[in-house]
Amino acid sequence: MGNMEPNDIPKAYDPKEWEGKLYRQWEESGFFNPDTCIEKGVTKAGAEAFSIVLPPPNVTGHLHAGHAAMLAVEDSIVRYHRMKGDRTLWVPGTDHAAIATQSKVESIIRKEEGKTRHDFSREEFLDRVGKFAQDSHDRITHQVRKMGSSVDWSREAYTLDEKRSFAVRTAFKRLYDDGLIYQGDRIVNWDPELQTTVSDDEIERKEEKSPFYYLQYGPFVISTSRPETKFGDKYVVMHPEDARYSEYAHGQQISLEWIGGNIAATVIKDESVDPAFGTGVMTITPWHDAVDFDIAERHGLDGEQIIGFDGKLLGIAGSFSGMPILEARKKIIDLLQEKGLVVKIDEDYVHSVATNSRGGGLIEPQIKKQWFIAVNKEFEHHGTTTTLKELMRHPVRPGGEITILPKQFEKVYFHWIDNLRDWCISRQIWYGHRIPVWYRKQSTDNSEQITNKTEDTEVYCGVETPEGEGWKQDPDTLDTWFSSGLWTFSTLGWPDENAKDLIAYHPTSLLETGYDILFFWVARMILMSEYFLNTQPFDTVYLHGLVRDGQGRKMSKSLGNTIDPLDVSEVHGADAMRLSLLSGTTPGNDIRLSDEKILSMRNFTNKLWNLARYVGTMSESVDHSNPEPKSDADKDLLQKLGTIVAGVTRHIDRYELSMAVDELRDFTWGDFADWYVETHKVEKNDTLLRYAFDIIIRLWHPFMPFVTEAIHQTLRLDKSEYLIIARWPEFDTTKRVIADENRFALVKDLIIKIRNIRAIYRIDPAVKLTVSARGASERTIRDNEEVFKRLARINEVKSFDTDIPTHSIPVQSGLLQAFLHLEGIVDLDAERKRLGKELADSERYAASLEAKLGNPSFANRAPEAIVTQTRTLLDETNVKADELRGHLASIS
RNA sequence: GCACGCUUAGCUCAGUUGGUUAGAGCACCUCGUUUACACCGAGGGGGUCCAAGGUUCGAGUCCUUGAGCGUGCACCA
């Protein structure tokens, strides 16, 4: 009698019935919080710590499949460590994503109300953004819960909340006081649409075809795709070694006719000019081009602003002033053509233009006074002289404190650092951390442009608003990555260096994020942590790939191929969604997600559920803590169980989640469901059945928390209140049995071969067959007789001595041999053919092994174990071939 | 241009430090309602591991070159 009636448990697992309820129970239990785990004795106070900070999703909308992948990986690892008994903390949070969020709200306001942010006061506008962010936050945290993430909500953080703001101001002030933050007029990426600077990393280059003009510039021909920037060009640059221009000397003045009339141009020789490009001569526009800016700096040249911050030409353009650049471009060419200065126009020129990847427009390089972090400046740091670049490089070096998975991203990381320029951290948007710098004019002049400070401007940088009259705060806000960079420790109580969490959980154990933000975020966290805490922010960086559709395309709204993790979870369950994102994926490689894959994982969820139904209804509720192996099948299962526990544990420890999941799935579906459950139907070892399933459920829990917890609440195989705090299986090696001579494997193989023969000869499943066996083979079969009969559909096992039964065909599995009685059923010709093919295969294989062994250099150089193995293999193959020959002879 | 990665069954991918006759899921073919599951079970077909060289007793795995694809960075006067 089972302990449950079949009707107690529904046939199909229904995630909707369970998921919401289970998550609520987990959350209310408090076990996501390591303090509760310690209090209730689930975790020892002195246990090893394992901590992750959740890469905070942007409050720009909702979670997509990439977030779901991140949550699946992190939650699996976190649940594993919690079950293992580690003090496990996973800190959740969201990111204000300054530019992205503000531009989103601006576009909504533009669309719905036809207004711009300048129709509001700063406070009114921030209020609107704040409301939007709050809505997004609520939606996102809801989604994080839906995915089953076991984050500690009591420690939730927001990059723009009061604690994080305090950390940001403290960090800014320290860098400022140490001279590593400076304000300077440098060339920056200006987005005229969003009216703000953006960092180099936020630029996305797009290929574009546009006319390329060759213009007569005195004795030279120069080329440009941007004639509208050429008004002020008065320096003409060429390579110093270029023989074509050796008659011109560096510094030489040349009088020539240009857009606005006659000008005096100065010749500059600089090695950055590529003689092979165009005519090898160019003019420079230092105000609107980063390379030109560098040349101008090298030679002490001046530059003039041609294009205003609104994207229109300035006074220097004379009659063109006030025109948007694209309109001006055409008219300037008309004028140059009238003057006869256009040499030729290449209409098919392809070059790349810079755009703001955060939803803005075409980037216009501009010289602007901005705040920068000096990455190449030397400073004293804990007794050594170093630079911020060096601090970023150091922990990632070979043998360093940080391991990046996959390893090849370390090279990409170093390459990025090598090319890094000073980091522009100020933005002209409103949503974000206001720069903690205040200005006060000594004189009475209260100019508009207070940031353009003169000698009599007093500057104050501090964590709090300064005392006294007349202070005005810098209107700019900080790059969102500045606050994100502090994330591993600002969430743990920093700048209080004695904060309990900071001491207990920093450096964090793992940072799991997409490879696309290695530079934006990972590098900056390393910088900040090394600088402020003199330690790495995390030990391991696990970079997951981009989630793509079944054909490998990026998911996008316009393609209509997005898969919403919430929709999938709603229909097929969060477990199926999670498993789809874990299986078949490796760090650094993109993840393909398709409906077929999700369905197959949904099927597996149901398989697990039905195993639970079987265990629940077909076995006695017994104390299964000490299972006794009674049969060959039992021993086989125990052995495999030991292997799978060790394997899954090892794979998770190495962050090989896909391997853990795939191997566990093969074991569960194949070894346990297809074989052990079938043998249990005749052997009925309830203790072992329940023991094994208990372990299987715990092994699955990190990956499929909902269905396993549902099964736990249904069957209660483990004594824990919730599976989340059940002990991670550690296979007791004393229970580990080495199955005798692999007997069950042979029986299994024999069964498969009999089934194969049945299929080949189309034997009706209703017809049961008879087999004969003798000697050791008979003993093995008799020991497994009931299982054998059931699974191979045999009605009788007969013994014989010398004479092989007539009308029978041999079935062979290693040394295990049986004769299948097939009187009147089998076409002997076909059987001869089948056996002949099998014999040919064996002979071919034996020959190749013999050749190998006959090769003296193999015998001499290969390790002994390999040679022995090969010899054994040859012997076995020869025995098999002999048997086959005998069988063939017997039916000839 | 520089760097990195990928190329294994029709499709999507595993394949750990080189070592049994290369695996899985999906798809495909045949059979099937046996007391967990048709979101199932049983059986099967299908691969010169991109190409050419090389190292080695032994290469899907290591080296060189090439091809195709992808990504990052730089340049684009």
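Per chain, numbering begins at 1; letters A, B, ... match sequence-line order.
Put simply, CD on Glu596(A) and CD1 on Ile598(A) are 9.0 Å apart, with the number rounded to the nearest 0.5 Å. Once rounded to the nearest 0.5 Å, the distance linking CG of Leu769(A) with CZ of Arg793(A) reads 9.5 Å.
Pairing for G23(B) goes to C13(B), judged as Watson-Crick or G-U wobble with the two contacts each under 3.5 Å. The partner of G58(B), taking Watson-Crick or G-U wobble pairs whose two distances both stay under 3.5 Å, does not exist in any strand shown. G5(B) is paired with C69(B) under the criterion used here, namely a Watson-Crick or G-U wobble arrangement in which both key atom distances are under 3.5 Å. Under the Watson-Crick or G-U wobble criterion, with both distances below 3.5 Å, C39(B) has no partner in any strand shown. Base-pair partner of G47(B): not found among the strands shown (Watson-Crick or G-U wobble, both distances under 3.5 Å). Of the nucleotides present, none pairs with G18(B) by Watson-Crick or G-U wobble criteria with both distances under 3.5 Å.
Phosphate proximity of A14(B) to Thr586(A): present, with a side-chain N or O under 4.0 Å from OP1 or OP2. For C4(B), the OP1/OP2 oxygens have no side-chain nitrogen or oxygen of Lys407(A) closer than 4.0 Å.
Checking C73(B), G43(B), A36(B) against every side-chain atom of Leu611(A), the shortest atom distance belongs to A36(B). Checking C75(B), G41(B), U21(B) against the side-chain heavy atoms of Val291(A) singles out C75(B) as nearest. The listed nucleotides are G41(B), G72(B), C13(B); the one nearest the side chain of Arg592(A) is C13(B). Counting only heavy atoms from C-beta on, Lys607(A) has its side chain closest to G41(B) among A24(B), U34(B), G41(B). With C39(B), U34(B), U20(B) as the choices, the nucleotide that has an atom nearest any side-chain atom of Asn606(A) turns out to be C39(B). The side chain of Glu678(A) lies closest to C37(B) when the candidates are C37(B), G25(B), G5(B). Nearest nucleotide to the side chain of Arg613(A), out of G43(B), U20(B), A36(B): A36(B). Nearest to the side chain of Phe858(A), among G19(B), A42(B), G5(B), sits G19(B). Of the candidate nucleotides U16(B), G43(B), U34(B), U16(B) has the atom nearest to the side chain of Arg654(A).
Between Val412(A) and Asp289(A), it is Val412(A) whose nearest contact on RNA chain B lies nearer the 5' terminus.
Residue contacts for Arg602(A): at a heavy-atom cut-off of 4.0 Å it reaches a base atom on one of the strands shown. Nucleic acid contact class of Asp764(A) (heavy atoms, under 4.0 Å, all strands): none. Residue contacts for Arg226(A): at a heavy-atom cut-off of 4.0 Å it reaches no nucleic acid atom on any strand shown. Contacts of Ser225(A) with the nucleic acid, taken as non-hydrogen atoms under 4.0 Å apart, involve only primed sugar atoms and P, OP1 or OP2. If you check every strand for non-hydrogen atoms under 4.0 Å, Ala673(A) touches a base. Within the 4.0 angstrom heavy-atom criterion, only backbone atoms of the sugar-phosphate kind lie near Asp674(A); the bases stay farther away.
Using cut-offs of 30° and 60° on the angle between ring planes, the pair Phe519(A) and Trp416(A) is parallel.
More than 12 heavy atoms of other residues, nucleotides or ligands shown are found within 6.0 angstrom of NZ on Lys684(A).
Inspection of the Lys230(A) and Thr283(A) side chains reveals an N or O donor paired with an N or O acceptor under 3.5 Å.
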